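This structure is a prediction, so every number in the text was calculated from the model and none was measured.
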Amino acid sequence: MKSHFERMARYNRWANRRIYGAVAQLDVEEFHAPRAGFFPSIPKTLNHMVVTDRIWMGRFVGTLSDHKSLDEAPYDDFAALTAAREAEDQRIIAFFKALPQSRIDAVFDYKNTAGEPKSAEMLPVLAHFFNHQAHHRGQAHAMLSSTRVAPPAIDLVYFIFEDGGV
């Protein structure tokens, strides 16, 4: 399972780079325009992904995140948001590279954003971490469909073949 999560961390960065590359082609008005989605704009959706990754990564490494709300949007500027995404993706890759299999097989204790203690098997929590990214990245992808910029292919299978196959 460890190698699977290491690959998922690399895929996550690859897919994020493809989405951000497409979004970079939008002008400022298109970027900030209201769109249909749980977080009703591209920047709000992309900010949510950064914020939640920071919250989960903080839990994984045993530190509290400065973020208290899932709808925080700390980056209004696309360049700053892109830099934050890149840094978080590098952090995720490094974490999963160093993560021992024994920890994947263990129970994970953490506190949610309300400070309530939680306990769960680590394996499905890690699966959720990447599924959450894919879910919201898919929403950003759909939002791009309503712009002049074609959304990129971000299917996992395309990455697998680029990453050395199965």
Please check: side-chain N/O of [X] versus main-chain N/O of [Y], any donor-acceptor pairing under 3.5 Å?
{"X": "N47", "Y": "P43", "value": "yes"}
{"X": "R59", "Y": "K111", "value": "yes"}
{"X": "H48", "Y": "F39", "value": "no"}
{"X": "R18", "Y": "A153", "value": "yes"}
{"X": "K44", "Y": "G37", "value": "no"}
{"X": "D155", "Y": "V157", "value": "no"}
{"X": "E72", "Y": "S69", "value": "yes"}

Exercise. Has D109 got more than 12 heavy atoms of other residues, nucleotides or ligands less than 6.0 Å from its CG?
Worked result: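 More than 12 within 6.0 Å, yes.
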
Would you say that [X] contacts [Y] through its side chain, given a criterion of any heavy-atom pair below 4.5 Å between the two side chains?
{"X": "L99", "Y": "L126", "result": "yes"}
{"X": "D77", "Y": "T82", "result": "no"}
{"X": "P152", "Y": "H141", "result": "yes"}
{"X": "I42", "Y": "H32", "result": "no"}

Would [X] end up clustered with [Y] when hydrophobic side chains under 4.5 Å apart are linked, directly or stepwise?
{"X": "I160", "Y": "M8", "answer": "yes"}
{"X": "F108", "Y": "M1", "answer": "yes"}
{"X": "F96", "Y": "V61", "answer": "yes"}
{"X": "L81", "Y": "I19", "answer": "yes"}
{"X": "F129", "Y": "Y11", "answer": "yes"}

Exercise. Going by distance alone, is a donor N or O of one side chain under 3.5 Å from an acceptor N or O of the other, for Q139 and R35?
Worked result: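 Result is no, nothing qualifies.
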
Exercise. Strictly by modelled atom types, are N12 and R137 linked by a side-chain donor-acceptor pair under 3.5 Å?
Worked result: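 Yes, R137 and N12 have a side-chain donor paired with an acceptor closer than 3.5 Å.
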
Rounded to the nearest 0.5 Å, how far apart are [atom1] of [X] and [atom2] of [Y]?
{"X": "M122", "Y": "S102", "atom1": "CE", "atom2": "OG", "result": "10.0 Å"}
{"X": "M49", "Y": "H136", "atom1": "CE", "atom2": "NE2", "result": "8.0 Å"}
{"X": "N16", "Y": "D89", "atom1": "CG", "atom2": "CG", "result": "4.5 Å"}
{"X": "L156", "Y": "F161", "atom1": "CG", "atom2": "CZ", "result": "10.0 Å"}

Closer than 4.0 angstrom, basic N to acidic O: yes or no for [X] and [Y]?
{"X": "E86", "Y": "R17", "result": "yes"}
{"X": "D163", "Y": "R10", "result": "yes"}
{"X": "D53", "Y": "R91", "result": "no"}

For this session: Would you sort out whether I93 and R13 count as a side-chain contact (heavy atoms from CB on, under 4.5 Å), showing the intermediate values?
Result: CA-CA 8 Å; I93 289 169; R13 178 184 60 194; 3.3 Å; yes

Partner set under ring pair (Phe, Tyr, Trp, His ring centres under 6.0 Å) for [X], not counting sequence neighbours:
{"X": "Y75", "answer": "none"}
{"X": "F38", "answer": "none"}
{"X": "H128", "answer": "W56, H132"}

Shortest non-hydrogen contact from [X] toward [Y]:
{"X": "A22", "Y": "V149", "value": "O-CG1, 3.5 Å"}
{"X": "T45", "Y": "M143", "value": "OG1-CE, 3.2 Å"}
{"X": "L26", "Y": "R148", "value": "CA-NH2, 3.7 Å"}
{"X": "S41", "Y": "A33", "value": "CB-O, 3.6 Å"}
{"X": "Q133", "Y": "R85", "value": "NE2-NH1, 3.3 Å"}

Problem set entry | Evaluation steps, side-chain contact (heavy atoms from CB on, under 4.5 Å), between V51 and D71 | CA-CA 8 Å; V51 166; D71 63 353; over 6 Å; no

For this session: Measure up the W14 and F159 rings against each other and bin them: parallel (under 30°), tilted (30 to 60°), perpendicular (over 60°).
Result: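 Judged by the thresholds at 30° and 60°, the geometry between W14 and F159 is tilted.
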
Problem set entry | Mutual orientation of the aromatic rings belonging to F5 and F130 [parallel < 30°, tilted 30-60°, perpendicular > 60°] |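 Correct class here is parallel.
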
Exercise. Mind checking whether F78 and Y20 have ring centres under 6.0 Å apart?
Worked result: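 Yes, they do, as the ring centres are separated by less than 6.0 Å.
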
